[in-house]
Enquirer: 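My structure is below; once you've seen it, I'll send some questions.
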Amino acid sequence: DHRDLHLSLRRQRQMCIRDSVLDDPKLSDKEYDSLFRELEELEKKYPSLVTDLSPTQRVGHPVSSGLQSYDHAVPMLSLSNAINDEEINDFYKRIKKWLNNSEVDFVAEPKIDGLGVSLIYKNGILERALTRGDGFKGEDITHNVKTINAIPLQLRKSVKPPTFMEVRGEIFMNISDFNKLNKSRELLEEKLFANARNAAAGSVRQLDPKITASRNLSIFCYEIGGSEDIEFNNQVEMLDYLKSIGLPVNPLSKKITSASEMIAYHHTLESNRNHIDYEIDGSVIKAVSYTHLRAHETEADLVCRLLLE
């Protein structure tokens, strides 16, 4: 049955994304490819069964001209910076002062050195994807983003999807995949990419989605910008929601409660960065509470930069 195979492949894809993070695959590439080919043959035989949400439709046709730009529903603004322990302490004190010294929790996560993206879902269906651009307007890269297996074309229906939701994330290429890509380009005597970030950014801005599909890109989502029908009291609730609807969230995200924990998290990340298979250039620390910090929205998040070796 076409519908059963279609749904099975979508479920298997979600499992593969989850298992790749846990390094515990339940389905081999060979088994997945076999199911995929079976679906392709079935859709070839019965074209009327093909839908936009079919796993076979992730790679579309090339875009004939340059990328079009659209406004972000909510601007993608830059964050404050800290370059040493003292400035991290100052950030903690500033937040505590805004909250009249009441208890406050934070969420810390790696700052991925990738390409910022906004994923726009309407009624649970991916409608558009935009680059960060200048923060107010970004380029339409929907045709390429649809080729990234980690990004669901339709959100998991654990709850009723919002009528509109703009999800922020960072598209990246694993360092191991980057090294393989450059090795193959070297054999073909093509220009090498300087780093994984440039490779990811160049892949996403291609006019031909077949090129993007060949690059094995991934994403971690970290925030909801504009939305309708949903509200969250804090960052932890929001991250849990993103996971529940099938969007990848960085497993290294961690709830912390003090300035000393902020500093410890940042230094641990700095020590372990060579063992992480994607490029990071710092840690991001966010005040958990939304309710009390709306007036200071653009200053309640902090980027702590890593020392370059």
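In this chain, residues are counted from 1 in sequence order. All heavy atoms count here, side chains included; hydrogens, waters and symmetry mates do not.
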Enquirer: Look only at the side chain of Asn144 and the backbone of Gln206, and say whether a donor-acceptor pair between them is shorter than 3.5 Å.
Expert: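 Side chain of Asn144 to backbone of Gln206, a donor-acceptor pair under 3.5 Å: yes, one is there.
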Enquirer: Please test Met165 against Ile224 for side chain to side chain contact (heavy atoms under 4.5 Å, CB included), starting from the C-alpha separation and ending with a verdict.
Expert: CA-CA 7 Å; Met165 181 173 65; Ile224 293 176; 3.7 Å; yes
Enquirer: Is Asn250 reaching over with its side chain to a backbone N or O of Glu109, donor-acceptor style, under 3.5 angstrom?
Expert: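 No, because the side chain of Asn250 does not come within donor-acceptor range (under 3.5 Å) of the backbone of Glu109.
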Enquirer: Using only atom types and a distance under 3.5 Å, with no angle test, would you say the side chain of Arg273 pairs donor to acceptor with the backbone of Ile280?
Expert: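 Yes, because the side chain of Arg273 sits within donor-acceptor range (under 3.5 Å) of the backbone of Ile280.
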Enquirer: What's the separation between atom CD in Glu237 and atom CD in Glu231, rounded to the nearest 0.5 Å?
Expert: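 Here the interatomic distance stands at 10.5 Å.
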Enquirer: How many angstroms lie between CE in Met173 and CZ in Arg197, if you round to the nearest 0.5 Å?
Expert: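 CZ of Arg197 is found 12.5 Å from CE of Met173.
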Enquirer: Quick one: closest heavy-atom pair of Ala199 and Ser203, and the distance?
Expert: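 Smallest interatomic distance, heavy atoms only, reads O-OG, 2.6 Å.
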Enquirer: Please find the pair of heavy atoms, one from Tyr121 and one from Leu247, that lie closest to each other, and give the distance.
Expert: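 Nearest heavy atoms, Tyr121 then Leu247: OH-CD2, 3.8 Å.
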Enquirer: Between the side chain of Ser118 and the main-chain N/O of Glu166, is any donor-acceptor distance below 3.5 Å?
Expert: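 Such a contact is absent between Ser118 side chain and Glu166 backbone.
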Enquirer: If the condition is side-chain contact (heavy atoms from CB on, under 4.5 Å), which residues does Asn198 pass it with, not counting sequence neighbours?
Expert: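 Only Ala194, Asn195 meet the side-chain contact (heavy atoms from CB on, under 4.5 Å) criterion with Asn198.
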Enquirer: When the ring centroid of Phe232 is compared with that of Tyr241, is the distance short of 6.0 Å?
Expert: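 Distance test on ring centres: under 6.0 Å, yes.
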Enquirer: I'd like to know if the side chain of Glu261 and the backbone of Thr257 have a donor-acceptor N/O pair within less than 3.5 Å.
Expert: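 Flag set: sc Glu261 to bb Thr257 pair under 3.5 Å.
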Enquirer: Return the CG to CG distance between Leu155 and Leu126, rounded to the nearest 0.5 Å.
Expert: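 The CG atom of Leu155 sits 8.5 Å away from the CG atom of Leu126.
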Enquirer: If I compare all heavy atoms of Leu119 with all of Cys221, which pair ends up nearest, and what's the gap?
Expert: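 Here Leu119 and Cys221 meet closest at CD1-SG, 4.3 Å.
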Enquirer: Can you tell whether the side chains of Arg205 and Glu139 come within less than 4.0 Å, N to carboxylate O?
Expert: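 Judged by the 4.0 Å cut-off on N to carboxylate O distance, Arg205 and Glu139 do form a salt bridge.
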Enquirer: Work out which heavy atom in Ile219 is nearest to a heavy atom in Ala150; give both atom names and the distance.
Expert: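 Scanning both residues, the minimum pair turns out to be CG2-CB, 4.0 Å.
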Enquirer: Evaluate side-chain hydrogen bond (donor to acceptor under 3.5 Å, both in side chains) for Asp208 paired with His143, printing each intermediate quantity in order.
Expert: CA-CA 8 Å; Asp208 186 352; His143 62 296; over 6 Å; no
Enquirer: Taking the six-membered ring for Trp, are Tyr278 and Phe220 parallel (under 30°), tilted (30 to 60°) or perpendicular (over 60°)?
Expert: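 If you compare the ring of Tyr278 with that of Phe220, the planes turn out perpendicular.
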Enquirer: With sequence neighbours excluded, tell me which residues meet side-chain contact (heavy atoms from CB on, under 4.5 Å) with Tyr70.
Expert: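 Scan of Tyr70 (side-chain contact (heavy atoms from CB on, under 4.5 Å), adjacent residues dropped) gives Gln68, Arg128, Leu130, Asp140.
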Enquirer: At their closest point, which heavy atom of Ile112 faces which heavy atom of Phe172, and how far apart are they?
Expert: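 Here Ile112 and Phe172 meet closest at CG2-CB, 3.7 Å.
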Enquirer: Out of curiosity, does Ile230 fall in the hydrophobic cluster containing Ile120 (side-chain heavy atoms, cut-off under 4.5 Å, transitive links)?
Expert: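 Result: no, two separate clusters.
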Enquirer: Once salt bridge (Lys or Arg N to Asp or Glu O under 4.0 Å) is applied, do any residues pair with Lys122, and if so which ones, sequence neighbours excluded?
Expert: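 Here the qualifying residues are Glu127.
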Enquirer: Counting only N and O atoms by type, is there a donor-acceptor contact under 3.5 Å from the side chain of Asn272 to the main-chain atoms of His275?
Expert: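 Judged by distance alone, no pair lies under 3.5 Å.
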Enquirer: Could you go through Thr163 and Asn123, starting from their C-alpha distance and side-chain angles, then the distance that decides it, and tell me whether this counts as side-chain hydrogen bond (donor to acceptor under 3.5 Å, both in side chains)?
Expert: CA-CA 4 Å; Thr163 54; Asn123 298 309; 5.2 Å; no
Enquirer: Measure the spacing between CD1 of Ile148 and CG of Asn216 and express it to the nearest 0.5 Å.
Expert: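 If I round to the nearest 0.5 Å, the distance is 10.0 Å.
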Enquirer: Are Val236 and Ile245 linked, directly or through intermediate hydrophobic residues, by side-chain heavy-atom contacts shorter than 4.5 Å (ILVMFWY only)?
Expert: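 Same cluster.
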Enquirer: Roughly how far, to the nearest 0.5 Å, is the NZ atom of Lys97 from the OH atom of Tyr92?
Expert: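 The NZ atom of Lys97 is 15.5 Å from OH of Tyr92, to the nearest 0.5 Å.
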Enquirer: If every non-hydrogen atom of Leu269 is compared with every non-hydrogen atom of Ser283, which pair is closest and at what distance?
Expert: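 Minimum heavy-atom separation between Leu269 and Ser283: CD2-CB, 3.7 Å.
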Enquirer: side-chain hydrogen bond (donor to acceptor under 3.5 Å, both in side chains) for Asp277 and Ser176? Distances and angles first, verdict last.
Expert: CA-CA 7 Å; Asp277 194 28; Ser176 53; 2.8 Å; yes
Enquirer: Check whether His72 reaches the backbone of Thr131 with its side chain - one donor and one acceptor, N or O, closer than 3.5 Å.
Expert: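 Yes, the answer is positive, given that a donor and an acceptor are paired below the 3.5 Å cut-off.
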Enquirer: If we count only N and O atoms by modelled type, under 3.5 Å, do the side chains of Asp85 and His266 hold a donor and an acceptor together?
Expert: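 Side-chain D/A pair, Asp85 to His266: absent.
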Enquirer: With rounding to the nearest 0.5 angstrom, report the CG to CD distance, Asp240 to Gln235.
Expert: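 Separation between the atoms: 10.5 Å.
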